[in-house]
Amino acid sequence: MAIRKSNKLSQAVVIKQILKRCSSFGKKQSNNEENLPEDVPKGHFAVYIGENRTRHIVPISWLDHPEFQGLLQRAEEEFGFCHDMGLTIPCDEVVFESLISLMR
């Protein structure tokens, strides 16, 4: 059990780092020194879906949804969380669209 908790903690830390890189989570009000995406509203982050890496802007609150957490686990297994691109989720675009329609 301790290994599982440790793994979850490290996953949470890595997700926060990714969010700071590809969202408004770490954005400063006065200027954008970190070159964060300007088109991502506060409280949202970018994910890349499918083979074509289609970009979607999703609310940070989705991190609490079990369905989205399942997608994050798949992303970690396939890609890991240590890469420069934003959060890439290995999911067919049609499946992702149907999932997010249920979460809205």
Side-chain angles (χ1 to χ4, degrees):
M1 281 289 175
I3 293 173
R4 185 96 172 138
K5 275 188 171 183
S6 172
N7 192 16
K8 279 194 171 201
L9 178 62
S10 64
Q11 181 181 8
V13 169
V14 172
I15 289 173
K16 283 183 182 179
Q17 291 172 345
I18 292 170
L19 288 177
K20 283 185 179 181
R21 275 200 318 256
C22 62
S23 75
S24 59
F25 186 68
K27 202 180 280 188
K28 296 191 183 335
Q29 293 292 335
S30 59
N31 59 11
N32 191 1
E33 294 175 8
E34 299 177 22
N35 294 325
L36 296 170
E38 293 290 333
D39 63 335
V40 179
K42 187 172 184 171
H44 292 73
F45 64 102
V47 294
Y48 299 88
I49 307 298
E51 289 181 18
N52 297 326
R53 305 291 193 256
T54 305
R55 187 172 186 249
H56 292 266
I57 308 298
V58 299
I60 289 174
S61 63
W62 285 8
L63 293 171
D64 291 334
H65 285 275
E67 295 86 3
F68 197 79
Q69 289 176 2
L71 291 176
L72 291 176
Q73 287 175 340
R74 286 182 57 198
E76 180 183 27
E77 290 168 5
E78 187 159 330
F79 303 116
F81 287 132
C82 297
H83 54 83
D84 292 332
M85 189 175 174
L87 186 57
T88 304
I89 298 178
C91 178
D92 186 64
E93 291 176 50
V94 174
V95 173
F96 183 77
E97 292 287 337
S98 122
L99 178 68
I100 63 174
S101 70
L102 295 173
M103 293 183 356
R104 288 185 181 162

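When reading the values below, keep in mind they use all heavy atoms of this one structure, side chains included, and skip hydrogens, waters and symmetry mates.
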Would you call [X] and [Y] a side-chain contact if the rule is heavy atoms closer than 4.5 Å?
| X | Y | answer |
| --- | --- | --- |
| Leu63 | Phe45 | yes |
| His65 | Leu99 | no |
| Asn52 | Glu93 | yes |

List the atom of [X], the atom of [Y], and the distance in Å for their closest heavy-atom pair.
| X | Y | result |
| --- | --- | --- |
| Ile57 | Pro41 | CG2-CD, 3.8 Å |
| Tyr48 | Arg53 | CD2-O, 3.5 Å |
| Glu78 | Pro90 | OE1-CB, 3.3 Å |

I need the [X] [atom1] to [Y] [atom2] distance, nearest 0.5 Å.
| X | Y | atom1 | atom2 | result |
| --- | --- | --- | --- | --- |
| Lys42 | Ile60 | NZ | CD1 | 10.0 Å |
| His56 | Ile100 | NE2 | CD1 | 6.0 Å |
| Glu77 | Arg74 | CD | CZ | 8.5 Å |
| Cys91 | Glu51 | SG | CD | 11.5 Å |

Evaluation steps, side chain to side chain contact (heavy atoms under 4.5 Å, CB included), between Glu97 and Thr54: CA-CA 11 Å; Glu97 292 287 337; Thr54 305; over 6 Å; no
Side chain to side chain contact (heavy atoms under 4.5 Å, CB included) between Leu71 and Trp62, worked out: CA-CA 11 Å; Leu71 291 176; Trp62 285 8; over 6 Å; no
